[in-house]
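Following: one structure in structure tokens, then a few remarks.
Residues: numbered from 1 along the sequence shown. Not measured: the values here are computed from a predicted model.
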Amino acid sequence: MQGQIDSSLLDKIKSSVTETINYDKNDFKSDSQFWTMCEDEDGLLIFGNNEGIIVFDGEYWKKILLPNNSSVRSLMVDDNGTVWVGGYNELGVLKKDFHGDYNYVSLVNELHLEGTNLENNWQIHSFNGKVVYRSFRELLVIVGKSVTHFKANQAFLYSKEIGDNLIVQDANTGVYLLNKEANRITLVFAPDSYENEVISAVFKVNDQEVFLVTKEGNIFLANLITKKIIKKIELFEKGHIDPINCGIQKNDSTFLLGTLSSKIIELRKDGSTQRSNISFSNIKNTAIHNFYKLKSNNIWVLHNNGVSCLNFNSQYSNLFDNASVYDILIENKTIYLATNEGVYYLNGFDTSVFKINLIEDLPGQAWSLNKVDDDIIVGHNDGLFVLGNNKLKPVYDNRTGFWKITPIKSKRNLFLASSYNGLFLLAKEQSNWVLKHKIDGFDESTRDIIEAEDPNTYWICHGYKGVYKVLINSDFTRVESVEHFTTNNGFKSPFNINVVNYNGRIVFTTNNGIYIFDKDSKTFIPDDILNKILDPTKNTRKLLYTKEKTWFVQDDEAGYFLNDDENKQFVTLPFLNLKGSFNKGMECVLPYRNYVFFGSSKGMFLYDINNNNNQKAYTVFNNISYIKDQIKNFAPINSDGNIEFPNDSDILRFEFSAPKISPYNDVQYSYFLDGLDYGWSEWVSLPFKEYTKLRHGKYVFKVKSKSNTGIDGEEITYAFTILPTWYQTNFAFFIYIISFFVLTYFVYRLILKKIEGEKRKTKLETLKDQKLVKLELEQLKLSIEQQKIKEDKDHLEMDLIDKSKELANYTLLLSKRKEAFLELSNDLKQLKELVKSSESKNKIIQIFKKLNQNKIGDKYLEIFDVNFERVHTNFFMDLKQIDASFSQRELRLCALIKMNLTNKEISHILNISTRGVETARYRIRKKLNLPASESLTLFLENLSLQDLK
């Protein structure tokens, strides 16, 4: 609900709360103490930390160590964009390599300062084209490669550039000025003029005067021309001193002082101070080491436990974050909030003392705030209450929850009170509020209610049961009729239906678009006007028509469009940070002129609609790398179109950020690889993009950024080439073309040759067929001749076998006759011994002589050998070739074995025992190297057949 709001008050409210962004060790992964910082030309933030230098691009924190690993106490960017660094016994500059990474370059040797005890360099100044380092011991004025030393009398405690002079405090000796030429240092203020206190900040008041702020909390107004100095302000009472460590000028009229234990004190030029600014309440640490003001006017706070950013350029302010906000009412320079913890009120904006207060009498869920005349009616979980002078008075004792009240147009001072279980009649009688009675006949929850066109008729939407049309009698005591509408009446679902008066028309928002009621058919039909503007596939949960704009919350995303805009372009980017935080069904939107208030589960936000954030912002590349053979390689960060990557790169990675946008806003990126992608990607929050196994060719990678408050970062491009492999080069393709034509020619020649060859082949085949016919005839003749030869051979073999058998039989016969002669001879010898007569003996002797004359000796064996060799040509010779030691007797035995005679028959022929035959056979087998498994007879027979062949 909206009351009269003063525009200047809104400006003061918006500026009274500053967004604070805190970072701790979990973010920057380094020591928690920070001492100094600066901003380079690209908007990268560079911090001095106990562990070295830390660079922050808005997405990534990167650490750079000094050669001696000392802490960094001072940083400065000169007019040329050079970043100067001061540490303990170390000074130098930061330089970017072609990969885009900062590297520290020491100047100690170049300036011939090696071996010099520089101690900590606490401050660096860019002073009239010179660089001035301040340590406790001395000032170092650097011009090119030359250094001028100004030694301290005791210790240089503080220094600050003011116009054409550099103010320097020397402990116990006074405040000095280093002149423009940096060749002379002169005393301007004696130590007793500022009570010999330690100066911690100097602010320029005008061309002649400055504020000297001391650590003890005294502020002196000093005139650099007249050299007069007076004490202007004492920040602390005696006995309570909170040392002031640093200071910075916030704007033309306000300075900020950082203290040891009470965070930040605001000091104005008029001498007034503010120590309880809610803007600084979110800074996590009270010990402030230093400030730094960016070109965007945002201020970074360096403290004992990290860093914090005060974002003065935010399009919105989170004025309240103590509870979920369901309704907002502004009255008499006070903002009232209905929350889940009760009713809060915010005031003090006009005095710059911003306070948040809770009305203690009524804790618990408050739903609505309704302004009626001079009263504020609170709809609460415990009933209805009247709020006056920040005190609550119950309207009704019964602890029944009420959503809100709705005025009855036809009845002055009468209202419908919407409760958890129906409607009540609420009346204002003079100055008192009275809950008359419950209206009988309807007991459903009436949170969402609006008066219909018919008298005493109301539309009531239930979150789960659809829509009711309720007719109440004239005295508002009971409901006369109730019409219930669900899916049978045009709705696709009975859930999440809300009723809204949109520019005089009653419309119903649903999960499936916006509907209107058709009286003729008594059904709900889609509203063609609003469904063309708002996406009917989304749930429009809030719809608020104002003179110039229509505000909406659609699928938990807030925005507006101009009523006179024919294209109805949505403005949603400034409010994206609220997405997902609205109280479903109880979305709170309160627009006024150039501002709008939102109530959400995160609290209350105030947006400046006219703050278009036209600040210059851009996207930058932080790192470009590729992986080849599992090794990460870095590429130049600036592309001139000649950057080349190897063909076999596995992953190509681009890292980018928007330093001017992040970290003050959530940033999203969209990218496009010309040569691969067909269009820009969806907006994503990841600050990098990787491509794998890109084909060879020319590409241009493009990336742009935007914030959730509408700031656009300029597009940046990077042209590069993926080199082809040797077989993908132009020369290779030239070789391929030449090879193709050569191959084509050779194929042509080969085909011609093949045709000629086929012709020759046909002729040769013809001749071959003729030759084959002749050859077949010759082979037929040869076959006949071979058949005849075979028959002759078989005949010879049979004849040979027969002759062998005859020879064997004859030899055996001679052997047996020899035995018979021997036996007869033996018998005659025995008979001779038996006879007695000489005549008989003589006769036996004669017989014996005749036998001897016809005795059969071994001659027949020689005959056998000769005849056997005739039959079996070269048989004995072959045996001799196998083993030359064969004796004649062994050769004869082999011949007898070949003739297949038994051992007994052989023993008769050779006149040896059977045992002797076996022994001889064994010796022959050994000479022939025959295994036991092989037949000696078969071997000798085959030997004979080989002879025949």
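Using a 4.0 Å cut-off between charged nitrogen and carboxylate oxygen, Lys215 and Glu197 do not count as a salt-bridge pair. A salt bridge between Asp101 and Lys62 is present, with a side-chain N of the basic residue lying under 4.0 Å from a carboxylate O of the acidic one.
Side chains of Asn304 and Gln33: a donor-acceptor N/O pair is present below 3.5 angstrom, by distance only. No hydrogens or angles considered: a donor-acceptor pair under 3.5 Å links the side chains of Asp242 and Thr259. Asn298 and Asn311 share a donor-acceptor pair across their side chains, judged by distance under 3.5 Å alone. A donor-acceptor contact closer than 3.5 angstrom links the side chains of Gln154 and Asn172. Checking Thr619 against Ser705 by side-chain atom types alone, a donor-acceptor pair falls below 3.5 Å. Using modelled atom types, one finds a donor on one side chain and an acceptor on the other under 3.5 Å when comparing Glu90 with Tyr104. For the residue pair Asn218/Tyr194, the side-chain donor-acceptor check at 3.5 Å is not satisfied. Side-chain contact check for Asn332 and Thr334: no donor-acceptor pair (N or O, by modelled atom type) lies under 3.5 Å. Under 3.5 Å, the side chains of Thr254 and Glu266 contain no donor-acceptor pair of N or O atoms. Residues Asn251 and Ser253 bring a donor and an acceptor atom of their side chains to less than 3.5 Å of each other. In this model, a donor atom of one side chain and an acceptor atom of the other lie less than 3.5 Å apart for Arg73 and Ser71. Side-chain contact check for Ser74 and Asn121: no donor-acceptor pair (N or O, by modelled atom type) lies under 3.5 Å. Side-chain atoms of Asn179 and Glu181 include a donor-acceptor pair closer than 3.5 Å.
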- Message: Run the side chain to side chain contact (heavy atoms under 4.5 Å, CB included) test on Thr186 and Tyr176 for me, step by step, so that the C-alpha distance in whole Å, both residues' side-chain angles and the decisive distance to 0.1 Å come before the verdict.
- Response: CA-CA 5 Å; Thr186 57; Tyr176 293 80; 5.6 Å; no
- Message: Between Asp42 and Lys96, does the salt bridge (charged side-chain N to carboxylate O under 4.0 Å, His left out) criterion hold? Intermediate values first, please.
- Response: CA-CA 12 Å; Asp42 293 330; Lys96 278 189 177 182; 3.0 Å; yes
- Message: Using the rule given for ring pair (Phe, Tyr, Trp, His ring centres under 6.0 Å), can you reason through Phe211 versus Phe220, listing the C-alpha separation, both sets of side-chain angles and the distance that settles it, and then say yes or no?
- Response: CA-CA 6 Å; Phe211 275 143; Phe220 296 86; over 10 Å; no
- Start with the C-alpha gap between Asn622 and Asp57, add the side-chain angles, then the distance that decides, and say whether side-chain hydrogen bond (donor to acceptor under 3.5 Å, both in side chains) holds. CA-CA 8 Å; Asn622 300 321; Asp57 60 22; 2.8 Å; yes
- Let me see the working for Asp608 and Tyr316 under side chain to side chain contact (heavy atoms under 4.5 Å, CB included), right down to the final yes or no. CA-CA 6 Å; Asp608 182 356; Tyr316 66 89; over 6 Å; no
- Task: Would you please test Glu195 and Lys231 for salt bridge (charged side-chain N to carboxylate O under 4.0 Å, His left out) and show each step?
- Result: CA-CA 9 Å; Glu195 299 180 4; Lys231 182 186 288 188; 2.6 Å; yes
- Task: Verify side-chain hydrogen bond (donor to acceptor under 3.5 Å, both in side chains) between Ser308 and Asn22, making sure each step is shown before the conclusion.
- Result: CA-CA 4 Å; Ser308 302; Asn22 293 299; 2.4 Å; yes
- Query: Between Phe605 and Phe597, does a ring pair (Phe, Tyr, Trp, His ring centres under 6.0 Å) hold up when you go through it step by step?
  - Reply: CA-CA 6 Å; Phe605 292 81; Phe597 290 87; over 10 Å; no
- Item | From CA spacing to verdict: side chain to side chain contact (heavy atoms under 4.5 Å, CB included), Leu224, Ile162 | CA-CA 10 Å; Leu224 298 177; Ile162 297 293; 3.8 Å; yes
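At least one donor-acceptor pair under 3.5 Å links the side chain of Lys263 to the backbone N or O of Ile283. Judged by distance alone, with hydrogens and angles left aside, the side-chain atoms of Ser317 form no donor-acceptor pair with the main-chain N or O of Leu319 at under 3.5 Å. Counting only distance, with no hydrogens or angles, the side chain of Gln169 and the backbone of Ile199 share a donor-acceptor pair below 3.5 Å. Under a 3.5 Å cut-off, the side chain of Asn68 and the backbone N or O of Ser70 do form a donor-acceptor pair. A distance-only check finds a donor-acceptor pair linking the side chain of His289 to the backbone of Phe34 [under 3.5 Å]. A distance-only check finds a donor-acceptor pair linking the side chain of His303 to the backbone of Asn305 [under 3.5 Å]. In this structure, the side chain of Tyr158 engages the main chain of Val202 through a donor-acceptor pair within 3.5 Å. A donor-acceptor contact shorter than 3.5 Å links the side chain of Asp78 to the backbone of Gly81.
Expressed to the nearest 0.5 Å, how far CD1 of Ile299 lies from CD1 of Ile264 amounts to 8.0 Å. One distance of note links CZ of Phe656 with CD of Glu59; it measures 9.0 Å at 0.5 Å rounding. Rounding to the nearest 0.5 angstrom, the gap separating the CD1 atom in Ile244 from the CG atom in Leu267 is 8.5 Å. Residue Glu119 holds its CD atom at 8.0 Å from CZ of Phe136, rounded to the nearest 0.5 Å. Here the CD-CG distance, from Gln123 to Asn290, works out to 8.0 Å after rounding to the nearest 0.5 Å. For the atom pair CG (Leu337) and CG (Leu329), the distance works out to 9.5 Å, reported to the nearest 0.5 Å.
Here Glu237 pairs with nothing under the side chain to side chain contact (heavy atoms under 4.5 Å, CB included) rule; sequence neighbours left out. Qualifying side chain to side chain contact (heavy atoms under 4.5 Å, CB included) partners for Ser685, counting only residues two or more places apart in sequence or in other chains: none. Residues forming a side chain to side chain contact (heavy atoms under 4.5 Å, CB included) with Ser193 (at least two apart in sequence, or on another chain): Phe189, Ile229.
By the 30° and 60° cut-offs, the orientation of the rings of Phe47 relative to Trp61 is tilted. Between Tyr23 and Trp300, the ring planes are parallel. Angles under 30° get that label, and only those over 60° would be called perpendicular. A perpendicular orientation is assigned to the rings of Phe598 and Tyr607, their planes being inclined by more than 60° (bins at 30° and 60°).
Residues Leu157 and Asp170 form no side-chain contact, since every pair of their non-hydrogen atoms from C-beta on lies 4.5 Å or further apart. Within the 4.5 Å cutoff, the side chain of Asp164 has heavy atoms near those of the Asn128 side chain.
Around NZ of Lys232, the count of heavy atoms belonging to other residues, nucleotides or ligands within 6.0 Å does not exceed 12. Surrounding NZ of Lys95 are at most 12 heavy atoms belonging to other residues, nucleotides or ligands under 6.0 Å away. Around the NZ atom of Lys579, the shell of radius 6.0 Å holds no more than 12 heavy atoms that belong to other residues, nucleotides or ligands. In this structure, Asp79 places its CG atom where only 12 or fewer heavy-atom neighbours from other residues, nucleotides or ligands lie under 6.0 Å away. No more than 12 heavy-atom neighbours from other residues, nucleotides or ligands sit within 6.0 angstrom of NZ on Lys227. In this structure, Asp207 places its CG atom where only 12 or fewer heavy-atom neighbours from other residues, nucleotides or ligands lie under 6.0 Å away. Within a 6.0 Å sphere centred on NZ of Lys228, other residues, nucleotides and ligands contribute 12 heavy atoms or fewer.
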